[in-house]
Amino acid sequence: MSTLNYTKYMEGMKQAVVVSLWFMFLTFPIMVIRVNTIENIIEWRWMNMLYIGAGSFILSFVWRYMSGKAISARKEGIGAQGGRKSYLQRLVSEKRLSLPSLGIVAVIALFFPFVSSIYQTNIMTTALMYVVLGLGLNIVVGQAGLLNLGYVAFYAAGAYTYALLYHHFGVGFWLALPLGALAATILGVLLALPVLRLQGDYLAIVTLGFGEITRLVLENWNEFSFGPSGISGIPRPGLFGMEMGMHDATVYLYFLMILLCIITIFVVNRLQDSRIGRALLALREDEIACQAMGINKTMVKLTAFALGSTWAGLVGVIFAAKTTFVNPASFTFLESAMILSIVVLGGTGSIIGIIIGALLLILLPEYLRAFSDYRMLLFGIIMVIMMIFRPQGIVTGVRKTYEFHTEEE
Amino acid sequence: MNPILEAKNLSMNFGGLKALDRVDIDVLPGQITALIGPNGAGKTTFFNCITGIYSPTGGDIFITPPGGRQKRITGINIHKVTESGVARTFQNIRIFPDMTVLENVMIGRHCRTDTGVLGAILRDKGTMAEEKAIVARSYEILKKIGLKEHVNQLAINLPYGAQRRLEIARALATDPFLLLLDEPAAGMNPQETRDLEALIISIRDEWEISVFLIEHDMKLVMGLSDSVYVMDYGEMLARGTPQEIRQNPEVITAYLGEDVSA
């Protein structure tokens with residue numbers, strides 16, 4: 001037994017050494033060499049190499065330990081499916097816990113803009129926007145199981161609807177809001193029509209292309225969208241014609257977003273527990289069987305795309321109003337990837353998970369400005385770690401199923 | 001008696017392969033009709049043509065709902081076939097694994113209900129009443145099928161025989177007048193097969209739904225069916241009562257094997 005442990009230990013040691021050598025080699029150009037442009041010399045920072053070597057050596061050990069634990073845990077977990085609820089799940093499902101925590105969240109949300117700076121409020125507003133975007137995409141990806149990598153196109157549709165309508169006709173925010181949602185919905189249906197027959201990877205590729213095409217059109221069709229320079233001077237939302245300063249407008253927008261979030265959660269929740277929601281679910285589970293149950297596949301797919309893109313349109317309008325400026329650079333594939341990451345990280349199909357995912361993914365980078373150079377690197381690492389240790393997301397998407405109890409019992 | 005399902009000259013070609021070659025089948029109301037034949041004879045292809053999964057390359061399919069008028073259903077969409085009153089199960093079970101037993105059956109009620117997006121969000125009186133009716137009807141079906149104690153369980157966790165029953169329950173929830181069963185007894189143990197036999201008979205007699213089934217279990221087919229069709233290489237070989245089929249020399253050589261006649 002002890003010899004076995006010893007060989008295992010030596011093996012881990014050997015691997016850790018290899019890993020640290022690799023890392024030292026890979027990071028050599030960026031971590032060790034620095035060109036000092038002021039004095040025109042090259043600095044060799046050998047100490048950095050040492051830190052990286054030591055750091056990756058230790059991390060390698062931690063990694064082996066953790067992944068070993070995760071694998072054994074998963075092996076044990078297979079039999080006991082759905083037995084124990086996680087803390088977060090209990091928080092959501094048990095009234096005794098969920099009501100007070102909901103109250104705490106409400107109080108924090110209510111007083112947040114009054115105790116923090118404009119900057120903080122702004123970031124929080126952005127995070128809330130991504131909550132709505134995540135919940136919207138979840139209808140398509142999580143519930144209907146249709147992978148959509150071009151979600152940003154609908155977001156852009158909303159933003160540009162407001163921007164263009166204001167620019168040409170002077171249409172205000174409140175009228176643009178439903179129109180933006182409508183434009184995104186129509187675009188969603190237009191995209192859904194040609195991709196009805198596609199599934200899985202093919203659907204992902206087409207939607208990815210769709211998102212990019214939308215951005216390229218906006219970038220190059222100068223007469224329509226004013227190209228890369230975009231449209232500026234878009235007014236912030238009004239409140240009965242009141243003039244608001246920068247601070248008030250930010251706070252107002254924050255509460256607007258809170259309201260939209262609540263509406264979204266309410267609507268998404270109700271849709272999930274309905275005939276429509278069940279049809280989406282059935283479509284995800286088995287397309288042929290779903291049709292054999294008399295469900296019109298075409299209609300359900302169109303509904304899913306339309307319902308999902310509506311939210312993106314709404315948030316798009318708010319985005320345009322918030323930044324008072326839109327240009328195609330805000331609607332790159334990275335945005336789609338971000339929103340999809342929120343859905344996956346939070347837990348596909350779980351509303352509370354997506355809220356947590358959005359807050360984490362948007363707020364963390366803002367508060368970790370110190371590491372801004374390594375943001376994407378950290379992002380990648382977090383995603384990889386998540387996929388290894390919790391592939392089901394932060395909150396496991398355990399649906400609320402119909403609990404049926406007879407009167408006889 | 002007018003047939004409720006009528007296939008005339010039905011053909012299905014996959015490239016050069018004739019999976020179905022001018023097949024004629026009548027299914028009479030109030031009967032259990034069986035379709036037998038060796039593997040690859042085209043039985044499931046025939047079912048797939050009727051239910052709209054394949055669009056037949058030739059011929060016609062007509063249905064006549066009890067008390068209704070004849071309707072041509074050749075090549076229409078899968079969900080339209082179900083809406084018209086022809087429900088089916090699948091050879092390899094196709095339940096919705098991550099939904100509960102009750103939810104599986106509730107899906108079957110989809111085509112008989114009509115809550116839209118707006119109704120789902122507003123939850124008005126009509127929607128709530130409909131939702132209640134869906135649950136009540138689904139539970140009633142599960143009770144009759146004998147899956148009462150499993151209602152809140154995930155479908156994937158059911159034992160094999162119960163999954164087959166669930167598929168039948170789900171199909172029954174669409175209010176069909178004709179139920180197509182694709183090898184319902186496949187993989188069942190003798191006890192489960194006996195239960196299934198009783199269930200199919202009760203579907204005919206108590207639910208008053210005609211049954212058309214593909215099956216390999218000869219004992220089940222012969223004991224159950226009112227009439228039997230035999231298929232081989234995409235062609236109809238014989239039709240008749242179980243007694244007649246058992247004695248048909250062509251069928252014996254093609255399918256049952258020589259020794260069965262003894």
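Because only heavy atoms are used, hydrogens play no part in the values below, and waters and symmetry mates are left out as well, while side chains stay in. Lettering of chains follows the sequences in order, A, B, ..., and the numbering in each one begins at 1.
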Study note, to complete from the structure: Of the listed A/V268, A/L271, A/I288, the one with the largest count of heavy-atom pairs under 4.5 Å with chain B is A/I288
Check your understanding: More than 12 heavy atoms of other residues, nucleotides or ligands under 6.0 Å from CG of B/L118: is that the case?
Key -> no
**Study point:** B/N104 side, atom CG; A/M293 side, atom CE - distance, nearest 0.5 Å
**Key:** 9.0 Å
Check your understanding: Do the side chain of A/R275 and the main chain of B/T113 share a donor and acceptor less than 3.5 angstrom apart?
Key -> yes
Point to revise | Region of B/T174 that comes under 4.5 Å of a non-hydrogen atom in chain A | key: side chain
Review point. Using non-hydrogen atoms only, which part of A/I276 is less than 4.5 Å away from chain B: side chain, backbone, both, or neither?
Key: side chain
Revision key, fill the gap. Looking only at B/N77, B/T51, B/V117, the option with the highest number of non-hydrogen pairs under 4.5 Å against chain A is B/V117
Check your understanding: For the atom pair CG (A/L283) and CZ (B/F96), what is the distance rounded to the nearest 0.5 Å?
Key -> 9.0 Å
Revision key, fill the gap. In terms of heavy-atom contacts, B/F90 and A/A289 come closest through CE1-CA, 4.0 Å
Point to revise | Leading residue by heavy atom contact count with chain A [cutoff under 4.5 Å; candidates B/E83, B/R170, B/R88, B/R109] | key: B/R170
Review point. Does B/F14 CZ have over 12 foreign heavy atoms under 6.0 Å away?
Key: yes
Practice item. Could you tell me which non-hydrogen atom of A/A279 sits nearest to which non-hydrogen atom of B/I107, and how far apart they are? Key: N-CD1, 4.2 Å
**Study point:** Which portion of B/L122 sits near chain A, non-hydrogen atoms under 4.5 angstrom
**Key:** backbone
Check your understanding: Side chains of A/D273 and B/R123: does their closest heavy-atom pair fall under 4.5 Å?
Key -> yes
Check your understanding: Between A/I295 and B/H79, which heavy-atom pair has the shortest distance, and what is it?
Key -> O-CB, 3.3 Å
Review point. For B/K144, does the NZ atom have more than 12 heavy-atom neighbours from other residues, nucleotides or ligands under 6.0 Å away?
Key: yes
Point to revise | Exceeds 12 heavy-atom contacts within 6.0 angstrom, atom CG of A/D201 | key: no
**Study point:** Part of B/I121 lying under 4.5 Å from any heavy atom of chain A
**Key:** both
Check your understanding: Heavy-atom distance under 4.5 Å to chain B: side chain of A/T303, backbone, both or neither?
Key -> side chain
Review point. Checking heavy atoms, do the side chain of B/E130, its backbone, both or neither come under 4.5 Å from chain A?
Key: side chain
Review point. Less than 4.5 Å apart, any side-chain heavy atom of A/R278 and any of B/H110?
Key: no
Point to revise | Reported SG-to-CD distance for the pair B/C111 and A/Q291, which is rounded to 0.5 angstrom | key: 13.0 Å
